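What follows is a set of notes on a single structure, which appears directly below.
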Amino acid sequence: MPPARLPPYPEWHQSARHAEGEDRIPMRMAHLFGRTLRDAPGDAELPSHQLLLRGAFVRPLGSGIFSLLPLGWRVVRKVEQIIREEMDAIGGQELYMPVVHPADLWRESGRYRDVGPELTRFQDRAERDMVLAMTHEEIVTDLARSEISSYRQLPMLVYHIQTKWRDEPRARGGLIRVREFTMKDSYSLDRDEAGLGVQYEAHWRAYERIFRRCGLKFVVVGADTGMMGGKSSHEFMALSPHGEDIILLCPNGDYAANREVAEFRRDAPPAEDALPMEEVETPNTTTIEALAKILDVPLARTAKAVFFKGGSGRFVFVVIRGDLEVNETKLRKVTDELTLVPATVEEIRAVGAEPGYGSPVGVQDAYIVADESVRDSPNLVAGANRVGYHVRNVNLGRDYQADIVADIAAAADGHPCPKCGAPFVAERAIEVGNIFWLGTRFSAAMGATYQDEQGESHPIQMGSYGIGSGRAVATVVEQHHDAKGIAWPVTIAPFHVSLLALGKTGDAETVAAADALCADLEAAGIEVLYDDREERPGVKFNDADLIGCPVRLSVSPRTLANGQAELKARTATEATFVPLGEAVAAVTAMLDALRAELSGEPDAADRAW
RNA sequence: CGGGGCGUGGCGCAGUCCGGUAGCGCACCGGUAUGGGGUACCGGUGGUCGGAGGUUCGAAUCCUCUCGCCCCGACCA
């Protein structure tokens, strides 16, 4: 029966959750919303996914949709607070923008048409077209054109931390790739490219500080601009064997790039005189490897044909040297196709080619794209467009013409760095942040202009800069865990200290000592997760290791016999004992030492690139 | 979207091929002992087997349709 009215203060201030005399409620494990799991759900594969589920940080609601339980939400908020501090430090102003947008704004920018089904479109009750925000360039640009009119107002930097929705074709990897997610997006507004350059660099530095403060090891690489358009983009890639992206790193630090855009040095093979074409019989030889073997030539002396159907309907016929792979991102760019899908057998035959024996010689109604490698390599073996036959000594220019000759080859581990020639190291990585040089891509399309000193109007130079906070949290777990569980960097841990009351349940002396420690720690500004449950010590130790607070403090009849508490860092192998009266000071010192390693300043341990 | 796999108490799984009316471990509740690395034992609560339809005397098991989830690929600020 609900009360008719509240009893007078202070009685109502006390609840069943308050212990005698308490004026605030500690976070007791017995009342933590969300319980830890001994076994991870069977469909979780990544360490971060398993541990965040087992530790009661997140729960799935649907494919790529998660609830954040109290522990997980605390971590995310701490990451976001770090982001806020660093954004504010470079002049950012936080604001808030809607997640539902009128489609007309997206039509103005052109993205309503250009972006695929990952943009969710729907109609409201009045049958107006709407979209769910996957990012907010249109809204910022719309705000800018009404709020900004003079060069005197620039430069400007606004940012927001909000939910976005992208209907990914395939969510995967737990929190690494989700459909509903929170990200920080900032948008810079400048009068010219020089100003944009300053803000681009400021973000670069701020991002380095943010990720260092979160304890992430990362590298910055050049990247594709994708659906954002624009001129330049860098990605902040956290190294992880479970990363979706592959990045190529020069061991001398001269170059680092996402495989999607990575260039590599092409050493021109020795010149040869073009020899006459010569057809050879090659039965059952539909792969380049088989061809090289049967004719006993290196892969680099063969030309491979790869067939795509472009979004425009064009048949794209790619010729590349046999030892290289096609990079579809580069190919999309040079062909100006938004999408490329592998061509079907019927489509291939329709242009006069034969799957497995394809050659650009003699095909029709095809857009022929040749990689630089086939221009520079004479006398290659190509297909004969006829089952069971290939042709030796095929030469671009003499035997066929290409519509474009360009770099469309995928860089790979061991390829030479374009700057210094040293062999690349390929690493898997997770993209935790990116910065985009948009230029006037949106402002020109949407009419966001300012007037200069002469009264002339110019489009605003824009940049956009994103960090996925949930992905960053999962990535930290990928980099900071062991067989027992998570080991949070102190800067983003859900609580600073796991306080364990061990020994016989209800032992008055232990409970009193632990209660007192809890109150003293909290009074010192330390966040405590207090394990007061009626559980065996092993259960508490295992849960503390799983949840991963950076410091563990235990009291039990055994430690109290010496007037001590046991202190252990999550990552340490051995515990130490401290007198009860010095426990708070010892915990504070340990936390300070951990914080000192995560100041955001460059560290000698950071890798050169 | 193509290929593969899986949906049985909160979690992990068995049972499905060879229909007979649901089982094990963990968790949870009560109890006894224990009390520093997921302790032991006793006694319990909880599911009608993703959903719909069909075959059958009888369906978790067979058939049809459907929904959802995971993995690989395609795709992806």
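On a predicted model such as this, the values are computed, not experimentally measured, just so you know. Naming convention: chains lettered A, B, ... in sequence-line order (proteins, then strands); numbering from 1 in each chain.
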Quickly work out the A/K504 NZ to B/rA33 C1' distance and round it to whole Å. 10 Å
With C1' as the reference atom in both, quote the distance from B/rC62 to B/rU16 in angstrom, rounded to an integer. 10 Å
Main chain of A/R28, side chain of A/D532: is a donor-acceptor contact present, judged purely on distance under 3.5 Å? no
Starting the side chain at C-beta, find the nucleotide from B/rG37, B/rG38, B/rG35 nearest to A/F541. B/rG37
P atoms of B/rU61 and B/rC6, separation to the nearest Å: 15 Å
B/rC26 and B/rC69, which share atom name P, separated by this distance in whole Å: 31 Å
What is the distance, rounded to the nearest whole Å, between atom CD of A/E260 and atom P of B/rA74? 12 Å
Quote, to the nearest angstrom, the P distance that separates B/rC70 from B/rU34. 48 Å
Closest of B/rC71, B/rG35, B/rA74 to the A/E45 side chain is B/rC71
Could you please name the option among B/rG36, B/rC75, B/rG38 that lies closest to any side-chain atom of A/P537? B/rG36
Regarding A/D545, tell me which of base, sugar-phosphate or nothing describes its non-hydrogen contacts under 4.0 Å with the strands shown. base
Can you check the distance between B/rU56 and B/rG51, where both ends of the measurement are the P atom (answer in whole Å)? 23 Å
Distance between the C1' atoms of B/rG37 and B/rC42, in whole angstroms? 26 Å
Contact under 4.0 Å: A/R558 side-chain N or O vs B/rG36 OP1/OP2: yes
Are A/F317 and A/F307 near enough that their ring centres are under 6.0 Å apart? yes
Here the distance between atom P of B/rC69 and atom CG of A/L53, to the nearest Å, is 15 Å
Within the 4.0 Å heavy-atom criterion, would you say A/G468 contacts the bases, only the backbone, or no part of the nucleic acid? nothing
By the 4.0 Å heavy-atom rule, please label A/F181 as base, sugar-phosphate, or nothing. base
A/L560 vs A/L580, test: side-chain contact (heavy atoms from CB on, under 4.5 Å). Steps then yes/no. CA-CA 8 Å; A/L560 291 176; A/L580 278 182; 3.6 Å; yes
Paired to B/rG38 by Watson-Crick or G-U wobble criteria (both distances under 3.5 Å) is none
Please figure out whether A/R536 or A/E168 has its closest RNA chain B nucleotide nearer the 5' end. A/R536
Please walk me through it: do A/F436 and A/Y465 pass ring-ring contact (aromatic ring centres under 6.0 Å, His included)? CA-CA 6 Å; A/F436 279 100; A/Y465 316 85; 8.7 Å; no
Which nucleotide in B/rG37, B/rG38, B/rC28 has an atom nearest any side-chain atom of A/R552: B/rG37
What is the distance, to the nearest angstrom, from the CZ atom on A/F308 to the P atom on B/rC75? 8 Å
Go ahead and name the base partner of B/rG46; Watson-Crick or wobble counts if both distances stay under 3.5 Å, otherwise write none. none
Separation of atom CG in A/L340 from atom P in B/rC75, rounded to whole Å: 8 Å
Under 3.5 Å: donor-acceptor pair, side chain of A/D185, backbone of A/H160: no
Kindly determine whether A/F33 and A/W73 satisfy ring-ring contact (aromatic ring centres under 6.0 Å, His included), including the steps that lead there. CA-CA 12 Å; A/F33 187 78; A/W73 183 232; over 10 Å; no
Starting at CD of A/E244, measure out to CZ of A/R428 and round the result to the nearest 0.5 Å. 8.5 Å
Rounded to whole Å, CG of A/L331 lies from P of B/rC75 at a distance of 11 Å
Return the value, rounded to whole Å, for the distance between atom CZ of A/R179 and atom C1' of B/rC70. 13 Å
Checking all strands, does A/E534 fall into the base, sugar-phosphate, or nothing category for heavy-atom contacts under 4.0 angstrom? nothing
Is it true that the side chains of A/E80 and A/S469 contain a donor and an acceptor less than 3.5 Å apart? yes
Rounded to the nearest 0.5 angstrom, the CG-CD distance for A/L567 and A/E582 is 11.5 Å
Partner of B/rA52 by Watson-Crick or G-U wobble geometry, both contacts under 3.5 Å, or none? B/rU64
Suppose you measure atom P in B/rU64 against the same atom in B/rA22; what distance do you get, rounded to whole Å? 27 Å
Quick check: do A/E138 and A/Y112 have side-chain heavy atoms less than 4.5 Å from each other? no
Closer than 4.0 Å, any side-chain N/O of A/S556 to the OP1 or OP2 of B/rG35? no
Taking atom C1' in both B/rC49 and B/rG4, what distance in whole Å separates the two? 24 Å
Does B/rG23 have a Watson-Crick or wobble partner in any strand here, with both distances under 3.5 angstrom, and which is it? B/rC13
Across all strands, who's sitting opposite B/rC75 as a Watson-Crick or G-U wobble pair, both distances under 3.5 Å? none
Atom pair distance, as rounded to whole Å: CG in A/L502 and P in B/rG38: 13 Å
The ring pair (Phe, Tyr, Trp, His ring centres under 6.0 Å) partner of A/H234 among A/F218, A/W204, A/Y207 is A/W204
Here the residues of residues 559-574 of chain A within 4.0 Å heavy-atom distance, strictly under, of RNA chain B are A/T559, A/E566
Looking for any heavy atom pair under 4.0 Å, which part of the strands does A/D543 touch: base, sugar-phosphate only, or nothing? base
For nucleotides 6-13 of chain B, just jot down a letter per nucleotide in 5' to 3' order: B, S or -, based on protein non-hydrogen atoms under 4.0 Å. ----BSS-
First encountered from the 5' end of RNA chain B, between A/G433 and A/A171: A/A171
Just do the side-chain contact (heavy atoms from CB on, under 4.5 Å) check on A/R121 and A/L119 with the steps written out, would you? CA-CA 6 Å; A/R121 301 156 167 91; A/L119 175 65; 3.7 Å; yes
